[in-house]
Each structure stands twice: as C-alpha cells, then as structure tokens.
Amino acid sequence: MSAEAVLDLEHVTLAHGTRRVLEDATLVLPPGSVTLLRGCNGAGKTTLLRAMLGLTTPNAGRIRVLGRTPRAARRRIGYLPQSLTLPAPRLTGRALVTSARHGARFGVPGVGGRCRAAVREALALVEAENLADQPLATLSGGERQRIGLAAALVDAPDLLLLDEPLAALDVQRQAALTEMLERLHQTRHLPLVLSVHGASPLDRLATHEVVLEDGHIVTRG
Amino acid sequence: MLAFDFMRHAFLAVTLVGLLCGVTGWFLVLRGQAFAGHALSHIAFTGAAGAMLLGCPPLSGMALTAALAGVVLGWEPPGDTARAPDRQRGRDTATGLLLAASLGCGALFLQWANAASSSATLLLFGNILGVDRLTLILLCGLTILCLGALAVIARPLLFATLAPDLAAARGVALRGVSVGFMVIVAVSSAACAEVTGVLLVFSLLTGPAATMLRLGLSPWPGLAGAASLAVLLGWAGLALSWWSDAPVSFWISALAALAYLLAVAANSFHRRFRTF
C-alpha cells in the first residue's frame, strides 16, 4: 500500500466543456481509503476521475495523486471506465489483458513467461480465467466488466479508479462485484475511488464519501 | 514459369508486398480503418499523377501525398473516447470527402499531363510483371522501414486499438500512435501501389487481415496468419495468371474474397458445432 495521500486537491476548479463542475475545491483522501464519489448525472464524477488520470487539466488549482502530478502517477493507477469501449470484439479477453500489461511501453507485444503469469494472476483475481479465451463480443456486460477489471489490475496498480462500476449490472452481479472489490481491498490493501450515482451496494465498503453538488464538495468520513 | 527473370522478380515483389500489407492490414482492419486504407491508396494515385505532371518519379508523389493524407486521417480529435461511434462516423465522412477531392485532382493532373488513360491504368492496376531489380531493392528497403516502425509502436497501437479509454488512462498518446500508424500505412500503400497498383494493395491490405480476424485469432497468430495468407495469395495470383492469362489483380482480389468467405463459413460451422 502506498503511504501517500490517494488524492490531494488544492483549490481546484474543473470544467466539462464550458460548464464548471468543480469550483475552488480542496480535499485530501488518506492512504488506503475506499472513497465513494457520489453525485447526480453531470455532477462531474467522471471529470474528476479523468483529472486524476491527467486526461483533463484543471482550470485552476493543483491536483496530486499518490503524491505526484496526475500524469506522473497514472502508470500506478488502474482504471475501469463507465462503459468499456471495445472496438475489436472478435479478440479475446486475454488479448486485452495482455495488451494492458505492456501497452504503455514501446516495442513488440510480448509473450514472455512473466507477462503470461501476470495476466493469469489478474484474471484469477477477478475469477475470469474461464472467460479469458472467449471473444469479447460473446461476453455479457458483467463478464466484460470483469475482464476490464483484470486489465486495470494486471500491472499491479497502487490505486484503483472505477467509474460507476455497477451501473450496467443486475442485482446479483452487483453483489458479486462488490464482494470482489472488498476482497481486493482487504487482501491487497488497494485504495479504491469509486463513483456512484445513488445508493449503492458499494456503500458498505466506503471509508470516505465525497458528494459532488452544484460544483462543490461535501465530504463525509 | 520461374525460368524468366520478370517472373522471379514478380514473385519476390508480391512476397514483400504481401508481408507488408498483411501486417499493416491486420492493424488497419482491427482498428476499423479499412476505408481509410482504401482512401490512402487512391490518394497515393493522385500524388503519382501530380508527380507525373511535374516530371518527378511517380513514387515520390505517391509517398508524399499518402503520408500527408495519413497525418490528416490519423489525427484523432481530442475528447472522451467513450464517444467512439460519433468519432468513427465523423472520421469516415472526412475520409470520404478527402478521397473524392483527391481523385478529382488526380483526374485533372492526368489530363494536364496529357497522360490520361494509359498512365491511369498503370497506376490503378500496377505492373507486377515489369518490376526491375532497382524497384525490388527500393521495395525491400521500404518494407524493412515500415515493419521496423510498426514494431516500435506495436504495443501502444494494439492497446489503443483494443481499449482506447484504458490506453489513454495509462498515458498512451492516442493521437501520436494514430498518426504514426496512418503514416506507416500511407508509405506502405504508396510503396506497394507502385508495384501492384492501388486496387491490388487494397485487396492485400484488407482480405487476409479480415480473414484472420474473422477466425478470431489472437494478435501473434493473427499477424503471422495475415502476412502468410497475403504472401500465399500473391503467389497463387501470379501462378494462376501465368496459366490462365487473366490479370494477376483479378486472381488476387478474387482469392482474397474467397478466403474471407471460407473464414465466415468456418466460423459459422464452428459456432453451430459448439451448440450441439
């Protein structure tokens, strides 16, 4: 587990297009925390997650993630977007997870033993070994979510960001994914930042809650 | 058949073109950019026509215009990757407009150069049986250059193709990778079109790659399969053309389509077989 604060916002103003979603926000999320980002549609949850990854630049203020700038920290972050865009549905989940393992570095895609072992481990963590060799097109939303989670975990991240991870799942699969995330947090001491829309099964995991409302942050420990 | 120099050169040329088109085509089809590949080879035709008008070697015009078009077509608009379908539509529209405009310019250049029909035929259908030693050396150099460049960007390119949002989150420069890849495709198309003609380049770029992807092969077997199939199609096209007197491009494009249909049938049979 990293000893640095998961997130440190200092007077941050963030905009989505022309609309300001966060105004002069200051916030610190402690190491090892599980934080729920709660807010209605368009409240800026995804924009804040994207800012943590360095994909959106704040209009004002300073963002530190794991003690670094977002761009420096993002290789230590696992990320699962709200809906995983999969332009190559005929390839398998294993190809996706393997690519996520070394895709940020230049060179020829590797098929070495260490890479294969890391992919196997990530798939095992999310109990997706039996799905790994099926084309992505044949997987259900929940199964794709598990493959996406394996891709987020394959490089042993120090922080996991999940954007509305339960949004497309039925009640049974929501419970299963919640249990999986709880196990990941407990066994790997992995800090989590999870965006949610309303009341969610993820509530019971949370050590912190950040509510985004009219461009302001309301925090509850 | 192989007793003749021109046939040996032709076999070597389709081997190089097959390797290059098979590998670049696999990424191109995987990224859903087959139309851009088609457009690039036709834009290269316009460049060749422009070069002829200026009295320069056609290959120089082809490579330059195709590379410039590659930068334009590969330029990813900024923003959220979750809006991929909208972006794909916008990209296809831009590609279509660029293709139409460049073909119009190509026709105009050929008219100004007083070289309309015979030169256009040569550029569109190539002259695989007229490949000389110098062209082979040039083609070999460009094949090594393009495959080398592709090897450098292969990991981020594959990641950006399979999961653009995850790749962006991990710091992959989507725009840089996209532009780099399209320039490689452009130079490959130009190099191959000089030898085989723009129509045949498109067959070799898309046919073998689409066949391998239809079979659901993972990246390494898919890449190797696409390159091997492209080379085999080239060899078979040359041999059948020798015996039948029909154009090489006819045989290669027909065999590429047949290979794809067989892959569709095999895939469908495999699915049905699994359900029983």
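By convention in this document, chain letters (A, B, ...) are assigned in the order of the sequence lines, proteins followed by strands, and residues within each chain are numbered from 1. Everything quoted here is computed from the prediction, not taken from an experiment.
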Completion exercise
side-chain hydrogen bond (donor to acceptor under 3.5 Å, both in side chains) filter on A/D214, not counting sequence neighbours, yields none

Problem - Non-neighbouring partners of A/V12 that pass side-chain contact (heavy atoms from CB on, under 4.5 Å), sequence neighbours left out - result: A/L9, A/L14, A/P58, A/I63

Handout entry: Aromatic ring proximity A/H185/A/H189, centre distance under 6.0 Å
Key = no

Exercise for the section: Answer with side chain, backbone, both or neither: which region of B/A169 has an atom nearer than 4.5 Å to a non-hydrogen atom of chain A? Expected result: both

Exercise for the section: Without swapping roles, check the side chain of A/K45 against the backbone of A/C40 for a donor-acceptor pair under 3.5 Å. Expected result: yes

Problem - Polar contact flag, side-chain donor to acceptor under 3.5 angstrom, A/D163-A/S195 - result: yes

Exercise for the section: Please name the residue in the list A/L37, A/I77, A/L162, A/L36 that meets the side-chain contact (heavy atoms from CB on, under 4.5 Å) test with A/V193. Expected result: A/L37

Exercise for the section: Would you please go through residues 204-215 of chain B and name the residues with a non-hydrogen atom below 4.5 Å from one of chain A, in numerical order? Expected result: B/L213, B/R214

Problem - Segment of B/V172 engaging chain A (4.5 angstrom heavy-atom cut-off) - result: side chain

Handout entry: Leading residue by heavy atom contact count with chain B [cutoff under 4.5 Å; candidates A/R105, A/R75, A/R94]
Key = A/R105

Problem - salt_bridge(A/R114, A/E121) N-O dist < 4.0 Å - result: no

Problem - Basic-acidic side-chain contact under 4.0 Å: A/R183, A/E127 - result: yes

Completion exercise
Comparing A/L91, A/L49, A/T92, A/L161 against chain B, the one with the most heavy-atom pairs below 4.5 Å turns out to be A/L91

Practice task
Below 4.5 Å from any heavy atom of chain B, which atoms of A/D133 appear? Answer side chain, backbone, both or neither.
Solution key: neither

Handout entry: Residues which pass side-chain contact (heavy atoms from CB on, under 4.5 Å) with A/A152, listed by chain and number, not counting sequence neighbours
Key = A/L160

Exercise for the section: Tell me, out of A/P70, A/G103, A/P81, A/G54, who's got the most heavy-atom pairs with chain B below 4.5 Å. Expected result: A/G103

Practice task
Name the member of A/A151, A/A100, A/A104 that forms the most heavy-atom pairs with chain B at distances under 4.5 Å.
Solution key: A/A100

Fill in the blank from the handout: Assert top hit (heavy-atom pairs under 4.5 Å, partner chain A, pool B/G216, B/G222, B/G171, B/S218) equals B/G171

Exercise for the section: May I ask you to decide if the ring planes of B/H38 and B/F35 are parallel, tilted or perpendicular, using 30° and 60° as cut-offs? Expected result: parallel

